[in-house]
Amino acid sequence: MNWYGRSLASAGLAALAGLGFLSAQAQAQAYPTRSITMIVPFAAGGPTDVIARIVTGHMAQTLGQSIIIENVVGAGGTTATTRASKAANDGYTLITGHMGTHAASVPLYPKLAYHPEKDFEPVGLLAGTPILILARKDFPPKDLKEFITYVKANESKVNAAHAGVGSVSNVSCELLNSILGVKPIGVPFNGTGPAMNALVGGQVDYMCDQIVNAVPQINGGTIKAYAVATAERNPSLPNVPTTAEAGLPAFQAQAWNAIFAPKGTPADVVAKLNAAIVKALDDENVRKRLLELGSVIPAAADRTPAALGTLVKNEIAKWTPVLKAVN
Ligand code: MLT
């Protein structure tokens with residue numbers, strides 16, 4: 001069938017679907033017949049937004065429908081995630097969540113209006129994102145050892161930027177600060193996109209952020225990177241030492257970003273979306289863009305919806321005692 005025939009067919013299906021004539025099964029088989037909304041729980045330009053746009057840009061080609069990014073900010077990403085949990089489970093409203101919205105927020109918000117496991121269908125993992133300890137360019141410490149001494153000595157004066165309670169930038173620096181035994185002033189933003197602008201501008205002192213948000217600034221010399229909190233150095237930043245090399249092996253932190261759909265989204269809709277994610281992660285241009293920003297591209301075994309469901313369960317179990325101890 002040529003493009004004209006296909007567009008007539010999908011228009012016809014859309015009309016029938018719109019009139020409710022198609023069964024749920026038939027609608028799922030025809031999915032998607034219109035554009036899809038992808039909620040991003042943080043401001044444009046931050047790590048979650050950048051990863052979502054790179055991957056969904058390719059997914060849209062596979063699915064034959066546009067995927068419209070909607071940045072919904074507030075409360076460390078839980079405002080958007082609550083909204084997504086209550087959206088129609090028809091596959092036309094999705095969310096790019098992460099270790100914060102779909103794990104760390106559970107112990108941090110006792111009255112959280114959703115549960116990552118009960119209120120969402122895991123669709124697929126997009127990228128692992130190692131955490132970096134970053135500082136403004138003229139922050140006095142020259143290396144991590146000096147950073148630790150300086151922050152301890154100036155605890156009441158230094159400030160740490162983050163994207164709201166429960167965000168990756170918040171919980172990873174909570175872990176760092178608890179290891180150091182310090183309580184700096186927290187400066188919240190609607191995402192680490194705007195927070196990075198403040199760090200580059202020297203308005204905040206330091207931040208724990210996902211690597212994809214920092215590589216351009218580090219390579220451009222507009223901020224400092226003291227260390228990456230993973231066992232190995234990251235290929236996109238060969239000169240940035242690991243926390244172990246820099247003298248703080250206890251601080252290990254890697255986040256991840258993934259796509260979720262509201263609970264009850266039909267299995268074959270989830271399967272179609274997952275297949276489009278997998279195709280995007282195998283596309284050389286998508287891979288190039290994710291890797292040059294320091295992302296860890298999931299191995300095949302980690303790309304299934306079930307694998308994401310297991311990751312969410314394990315991450316909630318991992319961060320709950322850590323954050324309860326911190327708080
Ligand atoms: C965070 O959790 O810190 C967010 O991912 C930041 C962002 O994406 O803007």
Going by the side chain to side chain donor-acceptor pair (under 3.5 Å) test, name the single residue among Q210, H102, H98 that passes it with N257.
-> Q210
Do V50 and N213 come within less than 4.5 Å of each other through their side chains, counting heavy atoms only?
-> no
Using the benzene-type ring in the case of Trp, are the ring centres of F139 and Y150 under 6.0 Å apart?
-> yes
When rounded to the nearest 0.5 Å, the distance separating OG1 of T230 from CD of Q252 is 7.0 Å
Mind checking whether T78 and V165 have side chains closer than 4.5 Å, heavy atoms only?
-> no
Do R289 and D283 sit within salt-bridge range, that is, some charged N less than 4.0 Å from a carboxylate O?
-> no
Are L180 and V228 joined in one hydrophobic group, where the rule is that I, L, V, M, F, W and Y side chains link up if heavy atoms are under 4.5 Å apart?
-> no
Between V312 and W256 the two heavy atoms that sit nearest each other are CG2-CH2, 4.0 Å
Say whether, by atom type as modelled, one donor and one acceptor occur between the side chain of T192 and the main chain of A195 under 3.5 angstrom.
-> no
side-chain contact (heavy atoms from CB on, under 4.5 Å) between I316 and E117, intermediate numbers included = CA-CA 10 Å; I316 292 172; E117 296 176 274; 3.8 Å; yes
Do V168 and V212 share a hydrophobic cluster (ILVMFWY, side-chain heavy atoms under 4.5 Å, transitive)?
-> no
Answer yes or no: is there a side-chain heavy-atom contact under 4.5 Å between S236 and L293?
-> no
Are M196 and I223 side-chain neighbours, meaning at least one heavy-atom pair lies under 4.5 Å?
-> yes
Give a yes or no on whether a salt bridge exists between K272 and D268, defined as a side-chain N under 4.0 angstrom from a carboxylate O.
-> no
Please report the C-alpha distance between M99 and V171 in whole Å, then the side-chain angles of each, then the deciding distance to 0.1 Å, and finally whether the side-chain contact (heavy atoms from CB on, under 4.5 Å) criterion is met.
-> CA-CA 9 Å; M99 174 271 268; V171 300; 3.8 Å; yes
If two hydrophobic side chains count as joined below 4.5 Å and joins carry through other members, does I67 share a cluster with F120?
-> no
With side chains defined as the heavy atoms from C-beta onward, is the minimum distance between L125 and R303 less than 4.5 Å?
-> no
Should K288 and E284 count as an ion pair when the cut-off is N to O under 4.0 Å?
-> no
Taking every non-hydrogen atom, the tightest pair across N89 and P266 | O-CD, 3.3 Å
Distance-minimising heavy-atom pair for A276 and M59 = O-CG, 3.7 Å
Could you tell me the separation between the CG atom of L112 and the OG atom of S105, rounded to the nearest 0.5 Å?
-> 6.0 Å
Identify whether L237 and I51 are in the same connected component of the hydrophobic contact network (ILVMFWY, side-chain heavy atoms under 4.5 Å).
-> yes
With rounding to the nearest 0.5 Å, note down the distance linking CG in L108 to CG in L323.
-> 4.5 Å
Could you give the distance from CE (M38) to CZ (R53), rounded to the nearest 0.5 Å?
-> 11.0 Å
Do any N or O atoms from the side chain of S35 and from the backbone of S66 form a donor-acceptor pair under 3.5 angstrom?
-> no
About how many Å separate CG of N190 and OG1 of T79, when rounded to the nearest 0.5 Å?
-> 9.0 Å
Step-by-step ring-ring contact (aromatic ring centres under 6.0 Å, His included) determination, Y226 to Y206 = CA-CA 10 Å; Y226 290 119; Y206 71 97; 8.7 Å; no
Same cluster or not: are I131 and I297 linked, directly or through other Ile, Leu, Val, Met, Phe, Trp or Tyr residues, by side-chain heavy atoms under 4.5 angstrom apart?
-> no
Between the OG1 atom in T33 and the OH atom in Y92, the distance rounded to the nearest 0.5 Å is 3.0 Å
What heavy-atom pair brings D205 and V158 nearest, and what distance separates the two atoms?
-> OD2-CA, 3.2 Å
Decide yes or no on side-chain contact (heavy atoms from CB on, under 4.5 Å) for T96 and V55, but give the supporting numbers first.
-> CA-CA 10 Å; T96 299; V55 180; over 6 Å; no
Is a side-chain N or O of T243 found less than 3.5 angstrom from the main chain of F251, in a donor-acceptor match?
-> yes
K137, NZ: over 12 other non-hydrogen atoms inside 6.0 angstrom = no
Taking the six-membered ring for Trp and the single ring otherwise, decide whether the centroids of F189 and F42 are under 6.0 Å apart.
-> no
Taking side chain as C-beta onward, heavy atoms only, is R233 less than 4.5 Å from P241?
-> yes
Do K183 and E155 come within less than 4.5 Å of each other through their side chains, counting heavy atoms only?
-> yes
Between C208 and S172, what is the shortest heavy-atom contact and its length?
-> CB-OG, 3.5 Å
Heavy-atom closest pair (I218 atom, A225 atom, distance to 0.1 Å) is CD1-CB, 3.5 Å
Is there side-chain contact between L248 and L176, with at least one heavy-atom pair below 4.5 Å?
-> yes
Could you check I36 against Y31 for side-chain contact (heavy atoms from CB on, under 4.5 Å), going step by step and ending with a plain yes or no?
-> CA-CA 10 Å; I36 296 163; Y31 173 87; 3.3 Å; yes
Can any side-chain N or O of D209 pair as donor or acceptor with the backbone N or O of S169 at less than 3.5 Å?
-> no
